[in-house]
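Throughout, protein chains are lettered first and strands after them, A, B, ... in sequence-line order, and every chain is numbered starting at 1.
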Amino acid sequence: MSDSLQTLTDEALHALEQCADDDSLQAWKVKYLGQKGVVRDLMNKIASLPVEERKPYGLAVNGFKEALSHAYEARLQALQDAKLARDLEEGALDITMPGRPRQVGGLHPSTQTLRQIYAIWADMGFQVYKSRDVEDDDTNFTLLNIPPHHPARDMQDTFYTTEPNIILRTHTSPGQIRAMRDLGQGGTQPIRVILPGMCYRYEQITPRSEVQFHQVEGLVIGRNIRMSDLKGTITAFARRMFGEQAAVRFRASYFPFTEPSMEIDVECFLCDGQGCRICKHSGWLEIAGSGMVHPTVLRNGGYDPTQWSGFAFGMGPERMTILKHGIEDIRYFWANDIRFLEQF
Amino acid sequence: MRVPLSWLKEFVDVALPVEVLAERLTTAGLEVSHIEYIGLPQQTIPGVRYPKSDHLVWDREKILLGAIREVKRHPEADRLLLAMVDYGGPELEQCVTGAPNIGQYAGLGPLETPLWTPFAMEGAQVWDGHSEERKLMTLKGKSLRGIYNKSMVCSEKELGISDEHEGILLLDPQPNFVPGTPLADVLGDVILHVELTPNFGHALSILGVAREVAALTGQELREPSYVLRGRGAPVAQAIEVEIRDAQRNPRFTLTLLRGAKVQPSPQWMQRRLKAVGQRPINNIVDVTNYVMFEMGQPLHAFDYDKLLARAKGRTPKLITRLAREGETLKTLDGQERALSVNDIVIADNDDVAISLAAVMGGYDTEIDDNTTNVLLEAATWDFISVRRTAHSQKLFSEASTRFSRNLHPSRAILGNQRGMALMQQVAGGEVAEGLLDAYPQPAEPITISLPLHEIKRLLGIEMSVQQAAELLTRLQFDVTLEGETLHVTAPTYRTDIGTGVIGQADLIEELARLIGYDRIPDTIMADEMPPQRSFRAFEMEERVRDLLVSLGLRENISYRFSTPEAEARLVPPGAVSSFPQAEYVALQNPISADKTVLRHTLLAGLLENAARNLRYAQRQQVFEIGSVYLKQGTGLPAEPLRLGLLMTGARRPAAWPDSAAPAGDVDFYDLKGLIEGLLEGLHIRDYVVRRSTHSSFHPGRSADLLIAGQPVGAFGQLHPLVAQAIRWEGAPVLMAELDLEALISAAPVRHTFAPLPTTPAVLEDIAIVVREDVPHAEVEALIRRAGGPLLKDVRLFDVYRGSQIGEGHKSLAYALTYQTNERTLTDKDVQKIRQKIVATLEKQLEARLRA
Ligand SMILES: [Zn+2]
């Protein structure tokens, strides 16, 4: 009996080894372990055996069944492992093929720089105030201490409209007057705002000059605002915009609406101040004009210059963008060439 | 302005290296934009950065001051000479030269007075005088037509002084130098290019810059001599002056030089004039220019005899007045000029204009080679009038620039005295007694009281009254102290200093400049924080930008200029424009023909950008946010904010499996989906679209957007006639222009959170066949109504047309979502609602259920 079982076992295991796929494995399982399989047949024979033989027979058949079941599981696992291994090998993609592109939008580089500027000033308590593009001559010039025929009017080539005294603002500074009159409540309230906006100059369009450009004006009015505050505040801005280590230089200059007036230079971050083409070998980059608000302007804004003081500044987002990214030609900004925009 | 260091040093000692001086001037507001070196080396100073100069540095050992003692002929060559040069060595150096300007001395034997000239020895580096471009050469010994030569007498070009290479540079006798002195000590110089802002009118001269240098470096200022001694018949007997408008001509002074000889100016004067960029003319004209550059007061010289002739026996008279309508004047450049009533002229006895005041002299009374009697004018003119005249006549001269910066009348008299003294020195003759001074309304001095605490209040620094007084005194302010207050009188030439609180600010600026802005500390504002305001319009504008970027769009920023014609191209011929009916804000001085007005619409700019980009990208999806400008009568225009959208080309970015499944070009529904995405992002729900009549859009493929019943703009496919008119060559263009302010104000300030469902939803699809002309919106509305509160969502997911459906019909397939938090819905619940929906559609729309 046990001999014949042994033979049967050998046969079955041998057949199992021949099974190389799911189908043959399944067929093997049916043949040996199925409802009408070999094991079941052997089990069925137990009833026809004498009682005393039944137990050893049963044990032997059970052992046979165990052996086949284990062998089957092992074989199944082996085939699955082999299949997975094959999948992993054969499923390898050409990872050098390009990914399927997603639609990517983006803000204009000027907007990106503007937002950077907004964020830094917002941290220092400066809120955005918007002022109009088309201005009257008074607000753009005269109220800013630039009366008609003042030499400073030569510094700014103006677009005039066909309506007398209506011009395109040449700078964001007229917003100072509007902000003071709007927010100052008759010269009684402190002010801390930035005024972003488009400005216009009657200039030939060249790689270095444009007829329209953004400016961000800043204005602080208070009862205790000093030039040292101007310096500290703008230095703090410059360090955040251009790097913690940036050296900042304040150079006396002239704007009719501020006094003292100054230009603000930051050490060239492209050459660490060693001199390069972008900084015209000076090691400095001009980033803003600034000054203490002129008493005449304070007065025109409704404030008493003996009690109130303030500072103002103006900076150019396009210029900052140009410096930051090494853009050679300012005309890229409004041409909206997709190849330009996609780089930001 | 060009400032030669050698000239500057006449008025102030400069102990600092020139590069440090330049930096100091720059930070004090006199920007030195460039340093030009003549023969001298550039110094490298830590912390001071100027571009590296590539000029010729004169070797102190090898480029020397030479004295030619004799000129011999070259035995073998007619054109060559042998200059016997004393350079301080043991014997004369024989130097072969072709210089034509010493030919006249050849063969005269030893010269009584030597010819002083720059001399370069063997091994010296100079510029190659024969080369077109700048090329260095090193002197080497070689035989020139049989005579060995190893050195050179130099032209200005070879030394880098100018482009002059006609002959060698011959210098006036040099009593202060011996032959062999390094040339750098004789002719070496540095020229500072100083850019002066309009407030620095008082520094528009060498003396003016010297004053600043003296104040900044604490050195003494040496003013030139203004002493003038006259003899003979007084000038007042020779000429009369009548000022008709003292406002426009505050002061008019005259001196007279009799028996002058017009000839070239001395070399030192010519050299200085050339150094500042002024061409020498003759000694009389040169003196007027020299004094202007030296101390800032322009002068004008008349030929007195020409005035005498015009007076026809009367005493010559000069009248200053405004020009008359139609009056003309021939100026000394030979031009006949039509004058305007704002121009100030000088007229003769017969009231005929002979000179354009402050701007340019007249042709008929100018100095010529035969002039012997010179009447010298130094006057002051109203700077606004001068500016107007300079602009209208387009005459921007050194003189008009200075007059237009508001010269003080006190300068006129000093300038005249200085000029006449110099003129006599260089032209000989006799100065007439006295000075005619017409000064009807002498200017009042400017005085300011400055309490010390104002300095601290505005600068944030502590300073003593003594310190403040000392600083202001350096700038020639007159200061007296009274306790903690400074009483200050401004020097007369400071016309930029005001009075009262403005004068205080002016003085405080001067104090800050002298201390140096870098020595004012950096502080953090301690002042009270202003009240914070909300600025929702701005925040929402930025939010719209972010939403559009997240929807895959790129931002454009276009010129805000356009032309009516360019915008009219967006309206098909014969159609009534849907763009704003307001007038344009038109420019009086447009910069170019394509930028004559401010735009009425963003669409034209977006379309131009897209057309330009077509060469690189068929697929474009962009937006722009910005104002349009609508004229309102004679006042300021309205500047409403608009949002423009443009999409064209493939729906999806190109990718490699696209050959199998092309995405197709965007159409109306892509644009609508974009707008719906934006509205969803803004939480705007209460909107509808209706068929648009916008002139720029395809009438069947465009829509107006209405929020809460109010139109906020239109969107759709660009009208085919417009596409044709602008020669659009790409795929169909979808565009929108919306009123951004309306959009922003329609967005709810806050919206309520909808609790998440607590029971599962039942999903079901339903396909309905309706007539082609039944709009989806109607179907959806009916489904929702019939579905009642349990029907949570209805979404169209397919539209099918085909033979099975029948001609003139379409099948709309909807995904329905049923859900309630009250219980879990069963199929039976859903079945009932579904039957009601189908029944309603059948009844109301003659629809039938497809599946
Ligand atoms: Zn650099």
Practice prompt. Kindly indicate whether the side chain of B/T197, heavy atoms from C-beta on, has any atom under 4.5 Å from the side chain of A/E263.
Written response: no
Worksheet item: Any idea which of B/D506, B/V622, B/L548 has the most non-hydrogen atom pairs under 4.5 angstrom with chain A?
Response: B/D506
Discussion item. If I take atom OH from residue B/Y559 and atom CE from residue A/M198, how far apart are they, to the nearest 0.5 angstrom?
Written reply: 10.0 Å
Worksheet entry | Shortest non-hydrogen contact between A/F344 and B/R554, atoms and distance | O-NH1, 3.8 Å
Worksheet item: B/L459 versus A/R226: any side-chain heavy-atom pair under 4.5 Å?
Response: no
Worksheet item: Hey, does A/E163 have a side-chain heavy atom less than 4.5 Å from the side chain of B/K631?
Response: yes
Worksheet item: For the ring pair B/F561 and A/Y200, is the centre-to-centre distance below 6.0 Å?
Response: yes
Item to complete: Could you please spell out the steps behind the side chain to side chain contact (heavy atoms under 4.5 Å, CB included) verdict for A/Y160 and B/L587?
Response: CA-CA 6 Å; A/Y160 299 93; B/L587 299 178; over 6 Å; no
Worksheet item: Do you know which of A/A236, A/P305, A/G99 has the most heavy-atom pairs with chain B at a distance under 4.5 angstrom?
Response: A/P305
Worksheet entry | Interatomic distance, B/T523 atom OG1 to A/I225 atom CD1 [nearest 0.5 angstrom] | 9.0 Å
Worksheet item: Within the distance-only criterion (no hydrogens, no angle test), does the side chain of B/D518 pair as donor or acceptor with the backbone N or O of A/R249 below 3.5 angstrom?
Response: no
Worksheet item: Is there a side chain to side chain contact (heavy atoms under 4.5 Å, CB included) between B/D546 and A/R115 once you walk through the steps?
Response: CA-CA 12 Å; B/D546 286 338; A/R115 286 193 171 184; 2.7 Å; yes
Item to complete: Could you tell me which portion of A/V248 (side chain, backbone, both or neither) has an atom closer than 4.5 angstrom to a non-hydrogen atom of chain B?
Response: neither
Fill in: Residue B/E608 versus chain A: region with a heavy atom under 4.5 Å
neither
Fill in: Largest heavy-atom contact set with chain B, pairs under 4.5 Å, which of A/Q274, A/E342, A/R299
A/E342
Worksheet entry | Largest heavy-atom contact set with chain A, pairs under 4.5 Å, which of B/S404, B/P531, B/S558 | B/S558
Worksheet entry | Residue among A/I221, A/T296, A/L183, A/L230 with most heavy-atom pairs under 4.5 Å to chain B | A/L183
Worksheet item: In Å, rounded to the nearest 0.5 Å, how long is the span from OG1 of A/T111 to CD of B/E555?
Response: 3.5 Å
Worksheet item: Would you say B/K52 and A/H281 make side-chain contact, with heavy atoms under 4.5 Å?
Response: no
Practice prompt. For residues A/V128 and B/R533, report the shortest heavy-atom separation together with the two atoms involved.
Written response: O-NH2, 3.5 Å
Response to the item:
Given the options A/D133, A/L168, A/V211, B/R560 meets side chain to side chain contact (heavy atoms under 4.5 Å, CB included) only with A/D133
Fill in: pair A/R251-B/Y517: side-chain heavy atoms closer than 4.5 Å
no
Fill in: Contact winner vs chain B - A/T233, A/N165, A/V193, heavy-atom pairs under 4.5 Å
A/T233
Worksheet entry | Partner chain A: residue of B/L551, B/V597, B/T27 with the largest heavy-atom pair count (under 4.5 Å) | B/T27
Discussion item. Which atoms of B/R457 are under 4.5 Å from chain A, going by heavy atoms: the side chain, the backbone, both sets, or neither?
Written reply: both
Practice prompt. Show your working on side-chain hydrogen bond (donor to acceptor under 3.5 Å, both in side chains) between B/Q588 and A/T162 and close with a plain yes or no.
Written response: CA-CA 5 Å; B/Q588 201 186 91; A/T162 49; over 6 Å; no
Fill in: Contact leader toward chain A among B/F623, B/F200, B/Y629, where contacts are heavy-atom pairs under 4.5 Å
B/Y629
Worksheet item: So which heavy atom on B/N556 is nearest to which on A/H108, and how close?
Response: C-CD2, 4.2 Å
Worksheet entry | Separation between OG of A/S228 and NZ of B/K456, rounded to the nearest 0.5 Å | 10.0 Å
Worksheet item: Given a strict heavy-atom distance threshold of 4.5 Å, which part of A/F340 is in contact with chain B: side chain, backbone, both, or neither?
Response: neither
Fill in: A/R223 side chain vs B/D527 backbone, donor-acceptor pair below 3.5 Å
no
Response to the item:
Cut-off 4.5 Å, heavy atoms of chain A, and the answer for B/E539 is neither
Worksheet item: Within a reach of under 6.0 Å around CD of A/Q204, are more than 12 heavy atoms found that belong to other residues, nucleotides or ligands?
Response: no
Worksheet entry | Within-4.5 Å side-chain heavy-atom neighbours: B/M525 and A/M124 | no
Worksheet item: Can you check side chain to side chain contact (heavy atoms under 4.5 Å, CB included) on B/R652 and A/R102, steps first, answer last?
Response: CA-CA 8 Å; B/R652 287 197 305 271; A/R102 307 291 302 202; over 6 Å; no
Worksheet, complete the sentence: Rounded to the nearest 0.5 angstrom, the CG-CD distance for B/L598 and A/Q212 is 9.5 Å
Worksheet item: With a 4.5 Å heavy-atom cut-off, do B/I591 and A/F159 have their side chains touching?
Response: yes
Item to complete: Examine whether an atom of B/E541 lies under 4.5 Å from a heavy atom of chain A, and if so say whether it belongs to the side chain, the backbone or both; otherwise answer neither.
Response: side chain
Discussion item. Determine whether the aromatic ring centres of residues B/F538 and A/Y118 are separated by less than 6.0 angstrom.
Written reply: yes
Worksheet item: Less than 4.5 Å apart, any side-chain heavy atom of A/D136 and any of B/L636?
Response: yes
Fill in: N/O donor-acceptor pair under 3.5 Å between A/R132 side chain and B/P637 backbone
yes
Response to the item:
A/A252 and B/R513 have their tightest heavy-atom pair at CB-CG, 3.8 Å
Worksheet item: chain A heavy atoms under 4.5 Å from B/E23: which part of the residue, side chain, backbone, both or neither?
Response: side chain
Worksheet item: Taking every heavy-atom pair that is under 4.5 Å apart, which of A/P190, A/P164, A/G273, A/A247 has the most such pairs with chain B?
Response: A/P190
Worksheet entry | Donor-acceptor contact below 3.5 Å, side chain B/N613 vs main chain A/N336 | yes
Worksheet item: If you take all heavy atoms of B/I502 and A/E259, which pair is closest and at what distance?
Response: O-OE1, 4.2 Å
Response to the item:
Most contact-rich option vs chain A, by heavy-atom pairs under 4.5 angstrom, among B/P530, B/G29, B/S592, is B/P530
Worksheet item: Within a reach of under 6.0 Å around CD of B/E583, are more than 12 heavy atoms found that belong to other residues, nucleotides or ligands?
Response: no
Worksheet entry | Leading residue by heavy atom contact count with chain A [cutoff under 4.5 Å; candidates B/N609, B/N589, B/V549, B/I520] | B/N589
Item to complete: Measure the spacing between CD of B/E639 and OG of A/S131 and express it to the nearest 0.5 Å.
Response: 8.5 Å
Practice prompt. Any chance you could lay out the side chain to side chain contact (heavy atoms under 4.5 Å, CB included) test for B/E528 and A/N224, step after step, and finish with the verdict?
Written response: CA-CA 9 Å; B/E528 80 175 287; A/N224 180 34; over 6 Å; no
Worksheet, complete the sentence: Ranking A/T235, A/D265, A/T306 by heavy-atom pairs under 4.5 Å to chain B gives rank one to A/T306
Discussion item. Ignoring hydrogens, what is the shortest heavy-atom contact between A/S309 and B/L458? Give both atom names and the distance.
Written reply: CB-CD2, 3.6 Å
Worksheet item: Hey, is the main chain of B/G552 close enough, under 3.5 Å, to the side chain of A/Q103 for a donor-acceptor pair?
Response: yes
Practice prompt. Name the region of B/A617, side chain, backbone, both or neither, that has any atom closer than 4.5 Å to a heavy atom of chain A.
Written response: side chain
